[in-house]
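What you see is a predicted model, and the numbers here were worked out from it, not measured in a lab.
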Amino acid sequence: NNAGQFPTDLQMELGVLPFDKVQAEAGVDYMQPQDDPFMFNAKIGSPEDAWFKGSPALNVGIFDVGTKQGVTDYDIMDVLIGKTIPVFGRLFIGGYLGNGGTLVNSNGNADNIGIMIAMDHGFWPVKDTSGDEYNRIVFAADWASGKNYIGGGGAGLYYYFTKNISLLTGPVFFNDKGINGEWKWTTQLDINVPF
């Protein structure tokens with residue numbers, strides 16, 4: 001039944017290129033309960049202003065690389081461009097291309113190409129004990145086209161307990177209810193461990 005809850009996702013990301021102009025990370029998701037619980041991801045990119053004053057953030061990556069051929073090997077490649085817009089917040093626009101054999105709609109037809117858009121806006125700036133500033137609350141929203149399992153969107157609020165520990169919660173909805181069911185509520189805990 002698609003109307004129930006999704007698996008719990010335990011994710012670990014590791015920065016592998018911590019340079020000023022080019023940065024990269026790789027990670028793994030472990031989802032339970034699920035028969036094939038491992039999914040892998042990686043991305044490389046550059047932050048805003050890395051190449052010249054006013055240059056946008058750029059990211060190229062791949063995610064949901066599963067271990068079961070024909071079942072979890074979605075192999076979704078994406079390209080994102082991001083820019084901070086005064087007063088509005090950060091805006092991200094991009095596209096994706098996945099495995100047409102597994103990234104399908106509820107009728108089983110390939111629906112593996114689409115666009116993505118996201119934004120976030122921080123409120124309540126605070127400083128930690130070392131003087132680094134961050135936002136205590138961040139509103140975030142995103143949407144992906146396509147009648148496939150990633151198609152849909154959501155919105156929520158992050159609450160940052162510290163600069164490196166946050167809790168996100170909010171509703172998510174789907175473009176193809178035959179795959180994911182009705183809208184759901186998500187909660188995500190993020191803990192960053194600096195090295």
Would you find more than 12 non-hydrogen atoms of other residues, nucleotides or ligands less than 6.0 Å from R90 atom CZ? no
Please lay out, stage by stage, how V104 and N109 fare under the test side chain to side chain contact (heavy atoms under 4.5 Å, CB included). CA-CA 5 Å; V104 298; N109 299 319; 5.9 Å; no
Got a donor-acceptor contact below 3.5 angstrom from the E48 side chain to the T84 backbone? yes
If we only count heavy atoms from C-beta on, is the D9 to M31 side-chain gap below 4.5 Å? yes
If you compare all heavy atoms of K83 against all heavy atoms of S55, which two are closest, and at what distance to 0.1 Å? NZ-O, 4.1 Å
Quick check against the 3.5 Å criterion: does Y30 have a side-chain atom that pairs as donor or acceptor with the backbone of M12? no
With side chains defined as the heavy atoms from C-beta onward, is the minimum distance between N180 and F6 less than 4.5 Å? yes
Heavy atoms of P37 and Q32 approach each other most closely as CB-NE2, 3.4 Å
In this structure, would V28 and V193 fall into the same cluster of hydrophobic residues linked by side-chain contacts under 4.5 Å? no
According to a 4.5 Å side-chain heavy-atom criterion applied to Ile, Leu, Val, Met, Phe, Trp and Tyr, with indirect links allowed, do V138 and V87 form part of one hydrophobic cluster? no
Taking the inter-plane angle between the rings of F38 and F40 on a 0 to 90° scale, is it parallel (under 30°), tilted (30 to 60°) or perpendicular (over 60°)? parallel
Apply side chain to side chain contact (heavy atoms under 4.5 Å, CB included) to residues Y74 and I62 and explain how you reach the verdict. CA-CA 10 Å; Y74 300 103; I62 187 166; over 6 Å; no
Can you tell me if D128 uses its side chain to pair, donor with acceptor, with the backbone of S130 under 3.5 Å? yes
Atom CG of D132: over 12 foreign heavy atoms under 6.0 Å: yes
Could you grab the distance from atom CD1 of I191 to atom CG of L167, nearest 0.5 Å is fine? 10.0 Å
Quick check on the hydrophobic clustering: are V60 and L97 connected, directly or via other members, by side-chain heavy-atom contacts under 4.5 Å? no
Would you say that F92 contacts M116 through its side chain, given a criterion of any heavy-atom pair below 4.5 Å between the two side chains? no
Is the side chain of N99 donor-acceptor paired with the backbone N or O of D73 at a distance under 3.5 Å, no angle test? yes
Looking at OG1 of T72 and CG of D35, how far apart are the two atoms once the value is rounded to the nearest 0.5 Å? 10.0 Å
Please list every donor-acceptor pair under 3.5 Å in which a side-chain atom of residues 154-163 meets a protein atom from a residue at least two apart or in another chain.
| residue | atom | partner | partner atom | Å |
| --- | --- | --- | --- | --- |
| T162 | OG1 | N164 | N | 3.2 |
| T162 | OG1 | I165 | N | 3.2 |

Atom CD of Q69: over 12 foreign heavy atoms under 6.0 Å: no
Shared ILVMFWY cluster between W124 and L168, side chains joined below 4.5 angstrom? yes
What's the shortest heavy-atom distance between D142 and A118, and which atoms? CB-CB, 3.6 Å
Using a 3.5 Å distance criterion without hydrogens, assess whether the side chain of K184 forms a donor-acceptor pair with backbone atoms of V172. no
Donor-acceptor pair, N175 side chain versus A144 backbone, under 3.5 Å? yes
Nearest heavy-atom pair of S145 and Y96: which atoms, and what distance? O-OH, 2.6 Å
Any I93 side-chain heavy atom under 4.5 Å of I115 side chain: no
Between D176 and N148, the two heavy atoms sitting closest are CB-N, 4.4 Å
Let me confirm one number: the CD-CZ distance from E182 to F174, rounded to the nearest 0.5 Å. 9.5 Å
For M39 against G66, the heavy-atom pair lying closest together: SD-CA, 3.5 Å
Applying side chain to side chain donor-acceptor pair (under 3.5 Å), can you list everything that pairs with T102, at least two apart in sequence or on another chain? none
Would N105 and D111 count as having a side-chain donor-acceptor pair, cut-off 3.5 Å? no
Hey, could you give me the CZ/NE2 distance between F88 and H121, rounded to the nearest 0.5 Å? 9.5 Å
Just wondering, are more than 12 heavy atoms of other shown residues or ligands nearer than 6.0 Å to NZ in K68? no
With clusters defined by side-chain heavy atoms of hydrophobic residues (ILVMFWY) lying less than 4.5 Å apart, directly or transitively, does L189 cluster with I137? yes
Tell me yes or no: between the side chains of D36 and T67, is some donor less than 3.5 Å from an acceptor? no
Do E13 and N41 have side-chain N/O donor and acceptor atoms under 3.5 Å apart? yes
